[in-house]
Amino acid sequence: MAGKLNDVAAVVAVRDYAAARSWYGRLIGRAPDLEPIDGVAEWQIAETAWLQVIEDRDRAGRSAVRFGVDDLAAQVAALTGDGITVGEPVVIAGLVEVVDVADPDGNEVSFVADLRMG
């Protein structure tokens, strides 16, 4: 690696920007922090981590993003309470528990809890 990496942005491509902006706003619990240009919404997830939703019909439905959470049960309850269909929890290698949802375009959105932290 040439130098230190300072931040990261996950980019999710969508067909219908307005519908995706609304859906991700519900998912995250607030409006975007930035909308720098038409068809782009950005949420600051952590100090140096961002989620960027972009209108890109050719790549829509091919993205995946994973959010680390402390309390997976609370996250699932919040999602289902907001009308978002949640998959069954899966434990992977005894290390993490994961639930998946799909956005309106079929992009994979996962919530991951580290089982070693509990």
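Put simply, the side chain of Tyr17 does not reach to within 4.5 Å of the side chain of Asp38, judged on heavy atoms. Proximity of Ile54 to Val11: side-chain heavy atoms (C-beta onward) are separated by under 4.5 Å at one or more points. Residues Phe111 and Val98 have side chains not in contact (no heavy-atom distance under 4.5 Å, counting atoms from C-beta outward).
Under the side chain to side chain contact (heavy atoms under 4.5 Å, CB included) rule, Trp23 has a single partner from Val53, Ile84, Asp105, Val14, which is Ile84.
Rounding to the nearest 0.5 Å gives a distance of 5.0 Å between CG of Asn107 and OH of Tyr24. Rounding to the nearest 0.5 Å places CG of Leu79 at 9.5 Å from CZ of Arg26. A distance of 7.0 Å separates CZ in Arg57 from CG in Asp16, rounded to the nearest 0.5 Å. Atom CZ of Arg15 and atom CD of Glu55 lie 11.0 Å apart (nearest 0.5 Å). In this structure, CG on Asp114 lies 7.5 Å from CG on Leu95, to the nearest 0.5 angstrom.
Between Pro32 and Arg21, the closest heavy-atom pair is CD-NH2, 3.4 Å. Taking each heavy atom of Leu72 and Ala113 in turn, the nearest pair found is CB-CB, 3.9 Å. Shortest non-hydrogen contact noted between Leu51 and Ile45 is N-CG1, 3.9 Å.
Taking a 6.0 Å sphere around CG of Asp70, one finds it holds 12 or fewer heavy atoms contributed by other residues, nucleotides or ligands.
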*asked:* The test is side chain to side chain contact (heavy atoms under 4.5 Å, CB included); show your working for Val109 and Leu27 and say whether it passes.
replied: CA-CA 10 Å; Val109 180; Leu27 183 87; 4.0 Å; yes
